[in-house]
Amino acid sequence: MPERTLASELKASVGRRVRLQGWLHNLRKQGKVNFLILRDRTGFVQAVASPGEIEILQGLQMETVLEIEGTVVEAAPAPGGFELQNIVLKIINPVTDVAPFSFHQKEFNASLPYFLDHAAVGQRFPRQRAILKLAASAVEGFRKTLRSLGFTEIFTPKIVGSATESGANVFQIDYFGQPAYLAQSPQFYKQIMVGVFERVFEVAPVFRAEKFDTARHVNEYLSLDAEMGFIENHFSVMDAVSTVIRGMLQCIRENISDEDRQLLELEFPAIPDSIPWIYYPEAQEMIFKRYGIDARGEPDLAPEHEKAIGRWAKEEHGSDFVFVPGYPMVKRPFYTHPSSEDPRFSNSFDLLFRGMELVTGGQRLHRYDDYVAALERAHYPVESFKEYLECFRFGMPPHGGFAIGLERFVAQLCRLDNVKWVTLFPRDINRLRP
RNA sequence: GGGGGCGUGGUGUAGCUGGUUAACACGCGGCCCUGUCAAGGCCGAGACCGCGGGUUCGAACCCCGUCGCUCCCGCCA
């Protein structure tokens, strides 16, 4: 009995008797000649069968797990040019119920809520597999690029004793009788680790107890975090972000198959050698003058403003990405480093991707006294940040970092209308399962 | 915390200026077909139109309530 052959290896096995295993993806019965499509992790294989050869499938449904033994034949009319003939089928695990989806349909005709209810099966859709594979490549690119820049990967706790930023928006849990929280961000830990490795990154979920129900929020998402020491200012961090984004796109480009690329109708984004940037107040002036949207003086950008800035970047600079540095301090967390020119504004930035906020980053405070002052200004008790602040008493270099929302990156890249298509089993305001 | 939209066979939708056999596509079952590839053709099963109440001679279609889903704003990745 030959070893298992994969769909992708068919070409190399012409003329040989092979054995494939996978799922019954489709069965086109047409009398004397029938076509059976088997799906495995590498793709699809067509097998030609006589009525007698598929008799065993009587009463069975799609997604039945099968073994097909057959002879590989080069056949011009077969998809891909190769197919199996003279087959012998063996049922590995029969399916008798009708699946909630028909995966072989060209059109993806499932609504998001129905899809999510049946995501345990729905993720088998070729389109979903393509999305998830792309997400994996994005993360691989993130890791690869940062490692090449001298960053060390770290793993920080997700159960924490105090809230990172405001105290609101955290999930509280019962930790052996005392209150604990799910980490909203690895912020403190990655800063601490700058004192150890200078440059660190982490790929991990973060938890946000925000009661939002929008196409771009989920309550648990994958945050691609990085933090680096010995920087000049936030522009040093922006340079790193540019390199990382480019590395992620490059890795996706290298790994994606032509089939997946077509399936997703993937359009690689326009990313010039230097990603354009526009200062926060200038961005507000610009969208007022250019698009008549008045957000001047407002401390934050609304989605509408981000879309306008994204449009401007595309029209003026041919870029799907645009940095907006210089957000007002009032809207940024206490550890944010103020601008040396105007302390009302910060050395922090957002990166917009096709008009959506994708990355937030910036320079952090690095002197102990500055932290104490910042915490007092924000009316936070210094005491509860004591352990976090300890590292700043023993020498921290000027540093900064950023966080990329993976789901948003992939959703924007694939032009999906909701990040939940990208999130394997999304946790949202009213969905805790599957 | 505010605001909008939707809720029709298993799925995705049409019907919604009220009129009584609720339509289409996919899926499902049967039959036909020796080259399909979103196979095709014919036949068939399957929804009393989220739920409750109201208006009316008559409601999937109008009104009220309720539940569910979804999206937007606040926030943010």
Side-chain angles (χ1 to χ4, degrees), chain A residues 25-37 44-51 58-62 73 75-83 85 96-118 121-122 126 165-166 168-169 184-187 204-225 241 263 298-307 327 331-333 350-353 356-361 402-412 417-420 422-423 428-431:
Chain A
H25 189 72
N26 197 8
L27 177 59
R28 288 188 277 273
K29 290 172 102 169
Q30 45 173 33
K32 295 274 173 19
V33 174
N34 305 286
F35 299 94
L36 184 154
I37 308 299
F44 304 95
V45 167
Q46 171 172 290
V48 195
S50 68
Q58 196 57 241
L60 298 184
Q61 295 292 336
M62 294 305 119
V73 175
F82 301 91
E83 67 187 12
Q85 295 184 1
T96 51
D97 294 333
V98 177
F101 312 96
S102 48
F103 299 107
H104 62 270
Q105 289 301 310
K106 185 122 190 169
E107 278 172 39
F108 189 94
N109 56 354
S111 64
L112 184 60
Y114 180 79
F115 172 79
L116 293 177
D117 285 342
H118 301 278
V121 180
E165 326 238 329
S166 55
N169 303 340
Q184 315 169 272
S185 152
Q187 185 60 33
V206 294
F207 306 90
R208 303 280 168 96
E210 298 156 338
K211 285 194 157 185
F212 303 145
D213 190 4
T214 77
R216 63 185 190 284
H217 288 99
V218 282
N219 296 293
E220 174 179 352
Y221 68 90
L222 202 75
S223 183
L224 309 182
D225 268 274
V241 171
L263 201 57
E298 285 179 29
D300 205 356
L301 296 174
E304 186 196 5
H305 309 143
E306 294 177 349
K307 285 194 183 80
Y327 273 73
K331 273 289 175 180
R332 294 280 153 160
D350 274 6
L351 175 68
L352 310 183
F353 177 20
M356 185 194 280
E357 185 174 334
L358 173 70
V359 179
T360 292
F402 61 92
I404 304 173
L406 175 71
E407 291 84 351
R408 284 194 182 177
F409 176 75
V410 177
Q412 287 297 87
D417 60 13
N418 197 312
V419 291
K420 291 168 198 169
V422 180
T423 314
D428 68 25
I429 188 158
N430 37 28
R431 191 178 293 278

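Values below: every heavy atom of this structure, side chains too, minus hydrogens, waters and symmetry copies. Order of the sequence lines sets the chain letters (A, B, ...), proteins ahead of strands, with each chain counted from 1.
- If you take atom P in B:U20 and the same atom in B:G53, they sit 24 Å apart, rounded to whole Å.
- Residue contacts for A:V419: at a heavy-atom cut-off of 4.0 Å it reaches no nucleic acid atom on any strand shown.
- Nearest approach of A:L222 to A:P205, heavy atoms of both residues: CD1-N, 3.7 Å.
- Listed by chain and number, the residues in a side chain to side chain donor-acceptor pair (under 3.5 Å) with A:E407 amount to none (sequence neighbours excluded).
- Scored by the salt bridge (Lys or Arg N to Asp or Glu O under 4.0 Å) test, A:D300 finds no partners at all (sequence neighbours excluded).
- The residue A:L358 sits close only to the backbone: its heavy atoms come under 4.0 Å of sugar-phosphate atoms, none of a base.
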Every protein N/O within reach of nucleotides 68-73 of chain B N/O, cut-off under 3.5 Å:
| unit_1 | atom_1 | unit_2 | atom_2 | d |
| --- | --- | --- | --- | --- |
| B:C71 | OP1 | A:N418 | ND2 | 2.1 |
| B:C71 | OP2 | A:D213 | OD1 | 3.4 |
| B:C72 | OP2 | A:A215 | N | 2.6 |
| B:C73 | OP2 | A:R216 | NH1 | 2.9 |
| B:C73 | OP2 | A:R216 | NH2 | 3.4 |

Discussion item. How would you summarise protein contacts on nucleotides 30-35 of chain B per nucleotide, using B for base, S for sugar-phosphate only and - for none, with heavy-atom distances below 4.0 Å?
Written reply: S--BBB
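- Of all non-hydrogen atoms in A:K32 and A:P51, the two that sit nearest each other are O-CD, 3.3 Å.
- In this structure A:A215 satisfies the side-chain contact (heavy atoms from CB on, under 4.5 Å) test together with A:N418, sequence neighbours excluded.
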Between the protein and nucleotides 22-27 of chain B, are there any N/O to N/O pairs under 3.5 Å, and if so, what are the atom names and distances?
| unit_1 | atom_1 | unit_2 | atom_2 | d |
| --- | --- | --- | --- | --- |
| B:C26 | O3' | A:Q105 | NE2 | 3.2 |
| B:G27 | OP1 | A:Q105 | NE2 | 3.0 |

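- Under the side-chain contact (heavy atoms from CB on, under 4.5 Å) criterion, A:S111 pairs with A:P113, A:Y114, not counting sequence neighbours.
- A:Q105 meets the side-chain contact (heavy atoms from CB on, under 4.5 Å) test with A:S102; sequence neighbours excluded.
- Using a 4.0 Å heavy-atom cutoff across all strands shown, A:E306 reaches at least one base atom of the nucleic acid.
- With a cut-off of 3.5 Å on both pairing distances, B:U20 has no Watson-Crick or G-U wobble partner at all.
- A straight line from NE2 of A:H217 to P of B:C76 spans 9 Å, rounded to a whole angstrom.
- Within the structure, the side-chain hydrogen bond (donor to acceptor under 3.5 Å, both in side chains) test picks out the following pairs touching residues 212-221 of chain A (sequence neighbours left out): A:R208-A:Y221, A:T214-A:H217.
- Searching all strands for a Watson-Crick or G-U wobble partner of B:G40 with both distances below 3.5 Å returns B:C32.
- Residues meeting the side chain to side chain donor-acceptor pair (under 3.5 Å) test with A:E357, sequence neighbours left out: A:T360.
- Under the side chain to side chain donor-acceptor pair (under 3.5 Å) criterion, A:D417 pairs with A:W421, not counting sequence neighbours.
- The side chain to side chain donor-acceptor pair (under 3.5 Å) check on A:R28 picks up nothing, with sequence neighbours excluded.
- Residue contacts for A:S111: at a heavy-atom cut-off of 4.0 Å it reaches the sugar-phosphate backbone alone, with no base atom in range.
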